[in-house]
Amino acid sequence: MRKPLLSFFLLPLLIAVLVSAAGALDRQPNADYHARREALAKKANGVVVLFAPLEAPDEVYGFRQENNFFYLSGLSEPGSALLVAAAAESKSDSPARPYTEILFLPPRNMTQEKWTGPKLGPENPEAPQITGFDHVEEMGKLPDEVSRLIAGGRPAIYTDVASHDETSASTQPLAFLKRTSLALNFLDAKPMLSSLRTFKDAGEIGLLRKAVDASVAAHFAAFKAVKPNVNEHEIAALMEYEWDKRGCERPSYAPIVGSGYFSTVLHYSEDTNVMKAGDVVVIDAAGEYSMYAADITRTLPINGHFTARQREIYDIVLGAQEAAMAAFQSGKSSLTRSGDNSLFQVAYDYINSHGKDLHGQPLGQYFIHGLGHYLGLNVHDPGDYTVPLGPGAVFTIEPGIYIPEEKIGVRIEDDYLVDQDGKLIKLSGALPSKAEDVEKAMTGK
Ligand code: GLY
Ligand code: MN
Ligand code: MN
């Protein structure tokens with residue numbers, strides 16, 4: 001009788017505690033993460049081992065799971081590891097092996113938990129059911145499991161070596177694996193993961209939509225709050241409040257609120273100037289919802305009305321974005337800088353053939369960044385840029401013109417999805433972008 005009691009009454013409670021320990025992130029069904037792990041195992045001709053970062057004993061900045069680890073597990077448990085290996089047919093020197101996946105959890109540390117909250121321990125019999133992993137073991141078993149799988153003739157170990165060799169918090173568990181007496185051949189797992197992460201599943205698209213919707217609401221609030229003599233920082237603070245209120249856990253990146261000359265500085269994020277009438281302000285700011293990032297930019301006239309010159313530049317940037325959208329073809333278009341199907345080239349050509357600078361020169365030289373990037377768990381998501389944009393791709397289109405000499409920077413950035421029919425959907429389309437609509441949303445007239 002004890003087990004049903006645990007399952008029916010205590011398990012939901014435990015899940016609730018663990019979910020709240022994870023910061024109440026929305027989580028896709030366990031089957032979605034399982035499917036990703038199986039897809040990764042199929043791609044890898046070897047064993048894949050990934051490590052979650054460690055949590056600092058006094059984690060004052062808040063723990064955030066490593067993106068690839070989260071993609072494969074949906075888990076925010078620090079200091080854990082996961083192993084996957086594809087099924088193998090029998091060979092002369094090794095028996096057949098089924099698909100294998102194991103989650104390794106560190107032992108619970110009750111002193112630490114007083115600081116950072118309850119964790120899922122490897123001794124918990126419900127751990128496979130909670131996490132969706134076929135097997136859950138304690139961290140110390142990892143070398144044994146690796147050697148067991150290697151004995152089956154799969155010597156390559158894919159891991160995220162490069163990122164952990166930098167200053168990642170996961171260095172310690174990786175070093176632990178490297179210290180083992182096994183002769184291991186380490187390869188980088190990241191290219192395979194980037195390829196898998198290029199096209200989003202329905203659950204990911206749902207989370208991205210929530211990030212975008214919360215961020216659009218924050219931009220609407222900024223439209224009303226931008227005025228002469230208001231500090232840029234006040235706008236950033238207001239926007240963070242607005243998207244957090246809608247369930248985001250943090251900004252997707254340091255919010256950029258750059259007015260006057262600073263509208264021309266691409267990743268300005270000090271946000272400390274007082275905004276002046278007659279200037280424009282570039283607001284590139286968005287929230288992260290359950291680990292998934294939005295990325296939206298609007299450029300506003302601080303007193304509610306663009307000057308003729310600001311409006312001219314603004315309309316060219318908007319025209320470039322619209323030209324790229326019109327040129328989009330599912331299964332053909334790409335975000336690369338060159339090539340027959342480059343959307344960047346479309347936007348660049350538009351900018352370079354409209355308007356002039358103060359010296360009579362074309363404006364292409366002032367479009368100094370790429371046209372866009374994938375969105376996902378990273379704001380600059382590491383997808384495969386060599387394949388065309390197709391169903392499931394989520395990305396930005398963000399042309400800009402930055403003329404420091406005129407203190408005019410304009411960027412317009414929206415988030416897009418290619419749906420299952422190959423149609424381009426502007427996820428952030430509820431936020432006005434035509435100059436007159438922006439002025440109306442700011443002033444009410
Ligand atoms: N907010 C960073 C970017 O637009 O890429
Ligand atoms: Mn962007
Ligand atoms: Mn941006």
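The number of heavy-atom neighbours closer than 6.0 Å to NE2 of His233, taken from other residues, nucleotides and ligands shown, is 12 or below. Within a 6.0 Å radius of CD in Glu436, other residues, nucleotides and ligands contribute more than 12 heavy atoms. By the neighbour-count criterion of 12 heavy atoms within 6.0 Å, atom OH of Tyr99 is densely surrounded, having more than that number from other residues, nucleotides or ligands. Remark: Lys423 NZ is loosely packed, at most 12 non-hydrogen atoms of other residues, nucleotides or ligands lying under 6.0 Å away.
Using a cutoff of 4.0 Å between basic side-chain nitrogens and carboxylate oxygens, Glu288 and Arg64 are scored as salt-bridged. Under the 4.0 Å criterion applied to side-chain N and carboxylate O atoms, Asp26 and Lys210 are assigned as salt-bridge partners. Checked for salt-bridge contact, Glu242 and Arg246 meet the test: a charged N lies under 4.0 Å from a carboxylate O. Taking the charged nitrogens against the carboxylate oxygens, Asp188 and Lys190 do have a contact shorter than 4.0 Å, which makes a salt bridge. A salt bridge between Asp32 and Arg37 is absent, with no side-chain N of the basic residue lying under 4.0 Å from a carboxylate O of the acidic one.
Checked by atom type and distance alone, the side chain of Tyr374 pairs as donor or acceptor with a backbone atom of Asp384 at under 3.5 Å. A donor-acceptor pair is defined here as one N or O able to donate and one able to accept, closer than 3.5 Å; no such pair exists between the side chain of Glu126 and the backbone of Gln129. Between the side chain of Ser147 and the backbone N or O of Asp144, at least one donor-acceptor pair lies under 3.5 Å. Judged by distance alone, the side chain of Glu249 and the main-chain N or O of Met291 form a donor-acceptor pair under 3.5 Å. Side-chain atoms of Ser195 do not come within 3.5 Å of backbone N or O of Pro191 as any donor-acceptor pair. With hydrogens and angles disregarded, a donor-acceptor distance shorter than 3.5 Å links the side chain of Ser252 to the backbone of Ala294. Side chain of Tyr261 to backbone of Pro404: no donor-acceptor contact under 3.5 angstrom is found. Checked by atom type and distance alone, the side chain of Glu101 pairs as donor or acceptor with a backbone atom of Asp134 at under 3.5 Å. Using modelled atom types, one side-chain atom of Thr100 and one backbone atom of Pro98 make a donor-acceptor pair closer than 3.5 Å. Remark: the backbone N or O of Thr116 is paired with a side-chain donor or acceptor of Lys119 at under 3.5 angstrom.
At least one cation-pi condition fails for Arg209 and Tyr292: the charged atom is not both under 6.0 angstrom from the six-membered ring centre and inside a 45 degree cone around its axis. Figure legend: cation-pi geometry between Arg36 and Tyr71, with NZ or CZ positioned under 6.0 Å from the six-membered ring centre and within 45° of its axis.
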Val410/Gln310 under side chain to side chain contact (heavy atoms under 4.5 Å, CB included): CA gap, chis, key distance, verdict: CA-CA 8 Å; Val410 175; Gln310 289 166 352; over 6 Å; no
Ring pair (Phe, Tyr, Trp, His ring centres under 6.0 Å), that's the test. Do Phe262 and Tyr268 meet it? Break it down for me. CA-CA 7 Å; Phe262 290 99; Tyr268 167 79; 4.5 Å; yes
Residues Ile397, Leu371; criterion side chain to side chain contact (heavy atoms under 4.5 Å, CB included); working and verdict: CA-CA 6 Å; Ile397 299 181; Leu371 183 65; 4.0 Å; yes
Run the side chain to side chain donor-acceptor pair (under 3.5 Å) test on Gln28 and Asp201 for me, step by step, so that the C-alpha distance in whole Å, both residues' side-chain angles and the decisive distance to 0.1 Å come before the verdict. CA-CA 10 Å; Gln28 294 181 231; Asp201 64 26; 3.2 Å; yes
From CA spacing to verdict: side chain to side chain contact (heavy atoms under 4.5 Å, CB included), Leu363, Ile313: CA-CA 9 Å; Leu363 296 175; Ile313 300 296; 4.0 Å; yes
Trace of the side chain to side chain donor-acceptor pair (under 3.5 Å) decision for Glu232 with Ser259: CA-CA 8 Å; Glu232 294 162 353; Ser259 62; 2.6 Å; yes
Side chain to side chain contact (heavy atoms under 4.5 Å, CB included) between Arg148 and Arg97, worked out: CA-CA 11 Å; Arg148 190 172 63 81; Arg97 194 188 315 283; 4.1 Å; yes
What verdict does the side chain to side chain donor-acceptor pair (under 3.5 Å) test give for Arg197 and Asn378, after you've listed the backbone C-alpha separation in whole Å, the side-chain angles of each residue and the deciding distance to 0.1 Å? CA-CA 10 Å; Arg197 285 171 56 184; Asn378 293 74; 2.7 Å; yes
Could you go through the side chain to side chain donor-acceptor pair (under 3.5 Å) check for Asp284 and Tyr253 one step at a time? CA-CA 9 Å; Asp284 184 346; Tyr253 48 91; 2.5 Å; yes
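To the nearest 0.5 angstrom, Leu193 atom CG is 4.0 Å from Asn68 atom CG. Going from atom CZ of Arg311 over to atom CD1 of Ile316 covers 12.0 Å, rounded to the nearest 0.5 Å. Annotation: the span from Leu417 atom CG to Leu389 atom CG amounts to 11.0 Å, rounded to 0.5 Å. Separation of atoms CD1 (Ile403) and CD (Gln365) is listed at 8.5 Å; rounding is to 0.5 Å. Atom CG of residue Leu82 and atom CZ of residue Phe133 lie 4.5 Å apart, to the nearest 0.5 angstrom. Of the inter-residue distances, the one linking Tyr33 atom OH with Glu38 atom CD reads 16.0 Å to the nearest 0.5 angstrom.
Between Glu398 and His373, the side chains place a donor N or O and an acceptor N or O closer than 3.5 Å (distance only, hydrogens not considered). Ser428 and Asp414 share a side-chain donor-acceptor pair at under 3.5 Å. In summary, the side chains of Gln345 and Asp349 do present a donor paired with an acceptor at a separation below 3.5 Å, with no hydrogens or angles considered. There is no side-chain donor-acceptor pair under 3.5 Å between His354 and Asp315.
Inter-residue side-chain proximity for Asp437 and Glu439 is flagged as unmet; no heavy-atom pair is nearer than 4.5 Å. Under the 4.5 Å side-chain criterion, counting only non-hydrogen atoms from C-beta, Tyr348 is not in contact with Ser342. You'll find the side chain of Pro255 reaches within 4.5 Å of the side chain of Asp271, heavy atoms only. Using a 4.5 Å heavy-atom threshold, the side chains of Ile283 and Thr299 count as separate. When side chains are defined from C-beta on, Thr131 does not count as touching Asn30, because their heavy atoms never get closer than 4.5 Å.
For the residue pair Val280 and Ser263, the shortest heavy atom distance occurs at CG2-OG, 3.9 Å. The two atoms that bring Ser330 and Val418 nearest to each other are OG-CG1, 3.7 Å, heavy atoms only. For the residue pair Lys332 and Asn341, the shortest heavy atom distance occurs at O-CB, 3.1 Å. Closest non-hydrogen pair, Asp381 versus Leu377, comes out as OD1-N, 3.2 Å. In this structure, Leu120 and Glu77 approach most closely via the heavy-atom pair N-OE1, 3.3 Å. Contact detail for His369 and Arg411: the closest heavy-atom pair is NE2-CD, 4.0 Å.
In summary, the aromatic rings of Phe306 and Tyr314 are positioned with their centroids under 6.0 Å apart.
With Phe344 as the fixed residue, the ring pair (Phe, Tyr, Trp, His ring centres under 6.0 Å) test singles out one of Tyr350, Phe367, Tyr385: Phe367.
Between Tyr416 and Phe395, the ring planes are parallel. Angles under 30° get that label, and only those over 60° would be called perpendicular.
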